[in-house]
Amino acid sequence: MVSRVIPVDPFDLVIFGGTGDLARRKILPGLFRRFCAGQMPNGSRVIGAARGEMDSAAYREFVAEAIAEFGGERACEDGTLDGFLERMEFVTIDARGENGWSDLVELMRDDVVRAFYFSVGPSLFGDLAERLTKHGLTDADSRIVVEKPFGRDLDTAKALNRDLAKHFDERQIYRIDHYLGKETVQNLMAVRFGNMLFEPLWNSQYVDHIQITVAETVGVGGRGEYYDKSGAMRDMVQNHLMQLLCLIAMEPPSKFDPDAVRDEKLKVIRALDPMVPHHIVRGQYEPGEDEPGYREAVGDPRSRTESYIAMKVGISNWRWAGTPFYLRTGKRLKARSSEIVVVFKELNHSIFGEAGEHRNELSIRLQPNEGITLGVTIKEPGPGGMRLMNVPLDMSFAEALGADGADQTDAYERLIMDVIRGNQTLFMRGDEVEAAWAWTDPIIQGWEARGDVPKTYDAGSEGPVDAVQLLARDTRVWRKVAP
Ligand SMILES: NC(=O)c1ccc[n+]([C@@H]2O[C@H](COP(=O)([O-])OP(=O)(O)OC[C@H]3O[C@@H](n4cnc5c(N)ncnc54)[C@H](OP(=O)(O)O)[C@@H]3O)[C@@H](O)[C@H]2O)c1
């Protein structure tokens, strides 16, 4: 299969926070891989910006080190790194002051796409937006990219939207949720809307329930202080899991166009049932052999923040009424695994009697080993009567698509190229983010009002026992958390 690189226009990409952790681990190595793939046209540049004193030569060393550490296995041929580094510049700039802005004005060019990546804390978004316009650095075609978290509740998200809207149109604002940049997430749309096979079955008449799991093996690590103010609900559910839920549940958009797709996602969020407390299980991990427990890791022995959450969610619309969506995410679990599973209903009549299972499951794995598997029922081979068994029809991208499948583009690099291309399909619109907060806010407020204390769970387990019971009450079981 021939890999196709769709060209983009030459650009100046300014990374505010260009020396930060995200730039080092994701943005810069991702850009390098796009450069290696031939997708960074001549004349394109990346301009790191932060308060630290550094010149462009020192920044190039910084970038080279980041690529050596996080560039992945797809190294470029000898000499190519230099070609990439030549495109790096750096300006010392303060988002909150006047220092450095004239240097940036001098550096920027008029005849290329201008994109500004706000890879800084959200408290700086408003300052950056204001100074960019004040210094005449933007025009109607300029884009800004903003990182999560986009607010910590509805009010703060609205305030951020207002601050950005003072200076930019919605079509210029790219709110990143890197889950949307994953190959399989887009494949989910291709599978649903590019095949006749699934869409007729994609409703409560044929789907028993849907499970969405995002499991991590790591704990809060060095992010304890930040994480404890957030928790799994704000950090994972309000954004990543809800985006996955939207894509799996939305109506077919009239076309694959940013607003058509986002309109349909928004309708899903607005149709979510309000949550009831006994449909939610919150957890905190216990100490493991080699790592402290949650409370010790965040430095608060009385912390009530959840490192795990499982919930049963209902969608009140024609398509999904009566089909539960079970969502769960947590830290320090048994395996690192992100997966969506569509569990179809049992046959309404089996001509084979009790000869085996007749339930189809479509599993969409986001990580690791991105791929899609459909469990189908066949006859067990050999003589001995009609015994049935379930076998996977497996589309592992690595196997099915050869080198192109194995060598997948990282979510960040894909999304950055979409910004340059001006395609907002895989980015969250302001009203989507606000609707997601409007749904999550009362849940969090309920916990706070009731003084809800998370259940504990063993590090390396599949989560609290109560989460198992959440499904057992509905005579269902979670899929194993397995790599
Ligand atoms: N790291 C991740 O994996 C990750 C994942 C998802 C989302 N995010 C989000 O991405 C953003 C950046 O995260 P990060 O982990 O890279 O943070 P970080 O490591 O703390 O880096 C922050 C960057 O911003 C710069 N900065 C801070 N204050 C500034 C100011 N007043 N003016 C200009 N530059 C300033 C810092 O450099 P100076 O101190 O030299 O100015 C540094 O380059 C945050 O919103 C975070 O929530 C991060």
Side-chain angles (χ1 to χ4, degrees), residues 13-31 46-56 58-59 62-63 65-66 69-70 88-104 116-132 134-135 137 144-152 156-157 160 163-164 173-182 214 216 218-232 234-241 243 329 331 336 338 367 410-413 415-416 419 427-428 433:
L13 171 66
V14 179
I15 309 173
F16 292 107
T19 54
D21 179 63
L22 184 66
R24 219 163 57 84
R25 286 194 307 112
K26 291 290 181 186
I27 304 172
L28 293 165
L31 283 165
V46 175
I47 301 162
R51 288 168 306 179
E53 290 293 338
M54 197 185 265
D55 59 15
S56 292
Y59 191 57
F62 172 89
V63 175
E65 279 168 24
E69 197 173 351
F70 300 107
M88 301 288 128
E89 304 284 348
F90 187 81
V91 283
T92 297
I93 213 164
D94 185 357
R96 289 220 160 99
E98 289 311 311
N99 190 24
W101 287 92
S102 54
D103 298 336
L104 186 56
F116 301 92
Y117 199 132
F118 292 7
S119 182
V120 294
S123 61
L124 296 180
F125 292 175
D127 293 295
L128 284 174
E130 189 183 326
R131 283 187 170 73
L132 280 173
K134 177 175 150 192
H135 291 281
L137 279 157
I144 59 164
V145 184
V146 294
E147 262 300 334
K148 81 164 207 184
F150 199 84
R152 56 173 283 106
T156 48
L160 280 176
D163 284 349
L164 298 181
I173 304 171
Y174 290 72
R175 295 175 194 77
I176 277 219
D177 182 331
H178 70 272
Y179 266 65
L180 294 181
K182 287 181 182 291
V214 176
E216 297 178 285
V218 292
V220 294
R223 293 170 69 222
E225 202 181 325
Y226 158 79
Y227 189 91
D228 200 44
K229 293 193 193 91
S230 164
R234 288 191 171 100
D235 195 47
M236 297 297 289
V237 177
Q238 185 273 343
N239 37 59
H240 305 317
L241 273 81
Q243 286 295 318
T329 179
K331 294 194 172 291
R336 175 173 171 263
S338 299
Q367 65 186 19
D410 181 68
Y412 273 94
E413 51 192 283
L415 292 173
I416 293 171
V419 173
F427 295 83
M428 293 180 294
V433 178

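Order of listing sets the numbers, starting from 1, for every ligand and every atom in it.
Interatomic distance, Phe62 CZ to Ser56 OG, rounded to the nearest 0.5 Å: 13.5 Å. Rounding to the nearest 0.5 angstrom, the gap separating the CD atom in Glu147 from the NE2 atom in His178 is 8.5 Å.
Nearest protein neighbour of atom 12 (C) of ligand 1, counting heavy atoms only, is Ser119 O, 3.2 Å. In this structure, atom 27 (C) of ligand 1 lies nearest to the protein heavy atom Arg51 NH2, 3.5 Å. Of all protein heavy atoms, the one closest to atom 33 (C) of ligand 1 is Ile93 O, 3.5 Å. Nearest non-hydrogen protein atom to atom 9 (C) of ligand 1 is Lys148 O, 3.3 Å. Ranking the protein heavy atoms by distance from atom 21 (O) of ligand 1 puts Gly20 CA, 3.3 Å first. Atom 25 (C) of ligand 1 has its closest protein heavy atom at Gly17 CA, 3.8 Å.
Using a distance-only test at 3.5 Å, with no hydrogens or angles considered, a donor-acceptor pair links the side chain of Trp101 to the main chain of Asp94.
Contact annotation: for Asp127 versus ligand 1, there are no heavy atoms closer than 4.0 Å. When heavy-atom distances to ligand 1 are checked against a 4.0 Å cut-off, Glu147 comes that close only through its side chain, counted from C-beta outward.
Among pairs with a residue in residues 117-128, those fulfilling salt bridge (charged side-chain N to carboxylate O under 4.0 Å, His left out) read Arg96-Asp127, Asp127-Arg131, at least two apart in sequence or across chains.
Under a cutoff of 6.0 Å and an axis angle of 45°, Arg175 and Phe427 do not form a cation-pi pair.
Any N or O atom pair closer than 3.5 Å counts here, and Ala50 shares no such pair with ligand 1.
Considering only heavy atoms from C-beta on, Val14 stays 4.5 Å or farther from Val46 through its side chain.
In the candidate list Val120, Asp94, Asp21, Asp21 is nearest to atom 17 (O) of ligand 1, counting heavy atoms. Among Asn99, Leu22, Leu124, the residue whose heavy atom sits closest to atom 14 (P) of ligand 1 is Leu22.
Using a 4.0 Å cutoff on heavy atoms, Arg25 counts as a contact of ligand 1.
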Could you walk me through whether Arg223 and Asp235 pass the salt bridge (Lys or Arg N to Asp or Glu O under 4.0 Å) test, one step at a time?
CA-CA 12 Å; Arg223 293 170 69 222; Asp235 195 47; 3.6 Å; yes
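Under 3.5 Å, the side chains of Lys148 and His240 contain a donor-acceptor pair of N or O atoms.
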